[in-house]
**Q** 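This is the structure I have questions about; it appears just below.
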Amino acid sequence: MAGTSNTAPGDQADPATATFVAHRNLLFTVAYEMLGSAADAEDVLQETWLRWAGVDLDTVRDQRAYLVRITTRQALGRLRTLGRRKESYVGSWLPEPLLTAPDVAEDVELADSVSMAMMLVLETLAPTERAVFVLREVFDLSYEEIAEAVDKTPAAVRQIIHRARAHVTARRPRGVVSQTETRDALAAFQLAIETGEMQNLLDILAPEVVFLGDGGGIKQAALRPIVGSTTVARLLTVGFDRIRAEMTVEPVQVNGSPALLLRLDGEIDTVIALRIDDGLVSGLYSVRNPEKLSHMDRETALRR
């Protein structure tokens, strides 16, 4: 793992290792919010560690800012490569879901920034816009710190954040949903899935609900967005009728938001993350691509 040391238990870690480990969860969150891929975020952390290990710490005034700068630059390079991969991706591309602890949901701003709905909005930004938006709006870095990270002037960063904010505001999910509203909607959706009653689905789905499926060309999934409560309810009813006998459903927190974890014969098969507006499910993000489900067997720590 990036940043781990070969020192024996009880030995004092060297300063570079200790600093990296202290900020590791923050750096992972920065990389993940920029990339939407935990696997690529882990690779970025490895690259960040290799560069950090060669730095003369006596020349570093703010170690946290310096590490964030290295991580941002590595993530920007990888983001451009990811963009080319997504162009040839089979079907809808969804962010890699992360099983998260309750403390992520309790940090409303962090949970909003890593939600599936918001991560898809971030996908519509240009790479530098995404980096600037994430560093300013989520991690509250100064314009000067961001300028160093993205090789722009502070004045240029101010212009970029102004454009990015307007872009995101026009597309981001509406407002904050209460925990009670979230629990009730998730429970109603789970019951509808488990019983197979189409009317129960229609009662909890928003009229213009959007369903996105990601099988990555490996597992069967909808190749394009499905829109409308009747169409989505029919899709879910038919799909789950085939596997209900082998299926178990568990409510979980994914990216700080409500989700269902589906297992077939005990093996993780699908993660369905929900977007909830006004007590109804307005977005369903179904990830079946097994290459994206490796972080669903353990909680991932996210930090600001």
**Q** Counting only heavy atoms from other residues, nucleotides and ligands, does the tally under 6.0 Å from NZ of K152 exceed 12?
**A**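 It does not: K152 NZ has 12 such atoms or fewer within range.
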
**Q** Examine distances only and state if a side-chain atom of T29 and a backbone atom of R303 form a donor-acceptor pair shorter than 3.5 Å.
**A**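 Answer holds: yes.
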
**Q** Check the surroundings of atom CD in E144: do more than 12 heavy atoms from other residues, nucleotides or ligands lie under 6.0 Å from it?
**A**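 Count over threshold, so yes.
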
**Q** When you measure from the side chain of T124 to the backbone of V121, do you find a donor-acceptor pair of N or O atoms at a distance under 3.5 Å?
**A**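 Yes, the answer is positive, given that a donor and an acceptor are paired below the 3.5 Å cut-off.
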
**Q** Just how far is it from atom CG of L264 to atom CD of E267, taken to the nearest 0.5 Å?
**A**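 Between atom CG of L264 and atom CD of E267 there are 9.5 Å.
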
**Q** For R244 and I193, indicate whether the former's side chain and the latter's backbone hold a donor-acceptor pair under 3.5 Å.
**A**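 The answer is yes, because a donor-acceptor pair under 3.5 Å joins these two groups.
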
**Q** Hey, does R73 have a side-chain heavy atom less than 4.5 Å from the side chain of D151?
**A**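 D151 reaches R73 side chain to side chain.
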
**Q** Okay, side chain of D214, backbone of L94: is any donor-acceptor separation there less than 3.5 Å?
**A**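 The answer is yes, because a donor-acceptor pair under 3.5 Å joins these two groups.
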
**Q** Just wondering, do L236 and F211 contact through their side chains at under 4.5 Å, heavy atoms?
**A**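 Yes - at least one pair of side-chain heavy atoms lies under 4.5 Å apart.
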
**Q** Could you check whether any side-chain heavy atom of R78 comes within less than 4.5 Å of a side-chain heavy atom of L35, counting everything from C-beta outward?
**A**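 Yes, close enough: below the 4.5 Å cut-off.
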
**Q** Honestly curious: do F240 and V281 fall in one hydrophobic cluster under the side-chain, below-4.5 Å linking rule?
**A**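 Both belong to a single hydrophobic cluster.
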
**Q** Would you say that R85 contacts D40 through its side chain, given a criterion of any heavy-atom pair below 4.5 Å between the two side chains?
**A**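 A side-chain contact exists here, since the closest heavy-atom pair is under 4.5 Å.
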
**Q** Applying side chain to side chain contact (heavy atoms under 4.5 Å, CB included), run through E208 and V227 and close with a yes or a no.
**A** CA-CA 6 Å; E208 297 302 316; V227 182; 4.0 Å; yes

**Q** Is there a side-chain hydrogen bond (donor to acceptor under 3.5 Å, both in side chains) between R163 and H167? Walk through the geometry before answering.
**A** CA-CA 6 Å; R163 286 199 310 270; H167 182 95; over 6 Å; no

**Q** Assess R136 against Y143: is NZ or CZ under 6.0 Å from the centre of the six-membered ring, and within 45 degrees of the ring's axis?
**A**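 Yes, R136 and Y143 form such a contact.
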
**Q** Is E123 salt-bridged to R130, going by a charged N under 4.0 Å from an acidic O?
**A** yes

**Q** When hydrophobic residues are tied together by side-chain contacts of less than 4.5 Å, even through go-betweens, does L260 share a cluster with L284?
**A**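 Linked, L260 and L284 end up in one cluster.
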
**Q** Please determine which of L45, L57, T17 meets the side-chain contact (heavy atoms from CB on, under 4.5 Å) test together with W52.
**A** L57

**Q** Please check this pair: side chain of N255 against backbone of L98, looking for a donor-acceptor N/O pair closer than 3.5 Å.
**A**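 Looks like yes, one N/O pair under 3.5 Å.
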
**Q** Side-chain heavy atoms under 4.5 angstrom apart, residues restricted to Ile, Leu, Val, Met, Phe, Trp, Tyr: same cluster for V287 and L274?
**A** no

**Q** What I want to find out is whether D140 reaches R304 closely enough, with some N-O distance under 4.0 Å, to be called a salt bridge.
**A**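 Salt bridge between D140 and R304, a charged N being under 4.0 Å from a carboxylate O: no.
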
**Q** Are V134 and L67 grouped together when hydrophobic residues (ILVMFWY) are joined by side-chain heavy atoms under 4.5 angstrom apart?
**A** yes

**Q** Decide side chain to side chain contact (heavy atoms under 4.5 Å, CB included) for L125 and L122; before the verdict, give the C-alpha distance in whole Å, the side-chain angles of both, and the deciding distance to 0.1 Å.
**A** CA-CA 5 Å; L125 292 170; L122 294 180; 3.9 Å; yes

**Q** For A31 and T71, work out which heavy atoms get closest and say how close.
**A** CB-CG2, 4.1 Å

**Q** Give a yes or no on whether E246 atom CD has more than 12 heavy-atom contacts from other residues, nucleotides or ligands under 6.0 Å away.
**A** yes

**Q** Given side chain to side chain contact (heavy atoms under 4.5 Å, CB included), test E33 with E137 step by step and report yes or no.
**A** CA-CA 12 Å; E33 291 217 23; E137 296 296 290; over 6 Å; no

**Q** Return yes when atom CD of E109 has more than 12 non-hydrogen atoms of other residues, nucleotides or ligands closer than 6.0 Å, and no otherwise.
**A**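 No - once you tally the heavy atoms of other residues, nucleotides and ligands closer than 6.0 Å, there are 12 at most.
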
**Q** Using only atom types and a distance under 3.5 Å, with no angle test, would you say the side chain of E181 pairs donor to acceptor with the backbone of G279?
**A**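 It does hold such a pair.
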
**Q** Just by distance, do the side chain of Y32 and the backbone of V114 share a donor-acceptor pair under 3.5 Å?
**A** no

**Q** Ignoring hydrogens and angles, tell me if any N or O in the side chain of E96 forms a donor-acceptor pair with the backbone of A38 under 3.5 Å.
**A**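 Present.
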
**Q** Find out whether Y66 and H23 are in side-chain contact, i.e. whether some heavy atom of one side chain is under 4.5 Å from a heavy atom of the other.
**A**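 Heavy-atom side-chain distance check fails, nothing below 4.5 Å.
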
**Q** Is there a donor-acceptor pair closer than 3.5 Å between any side-chain N or O of R69 and the backbone N or O of E145?
**A**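 Here the side-chain-to-backbone pair does not exist.
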
**Q** Linking I/L/V/M/F/W/Y whenever any side-chain heavy atoms sit under 4.5 Å apart, do L27 and V60 land together?
**A**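 Looking at the clustering, V60 is in the same group as L27.
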
**Q** Do the side chain of T19 and the main chain of A16 share a donor and acceptor less than 3.5 angstrom apart?
**A** no

**Q** If you take all heavy atoms of L99 and R298, which pair is closest and at what distance?
**A** CB-O, 3.6 Å

**Q** Between P97 and M296, is there a side-chain heavy-atom distance shorter than 4.5 Å?
**A** yes

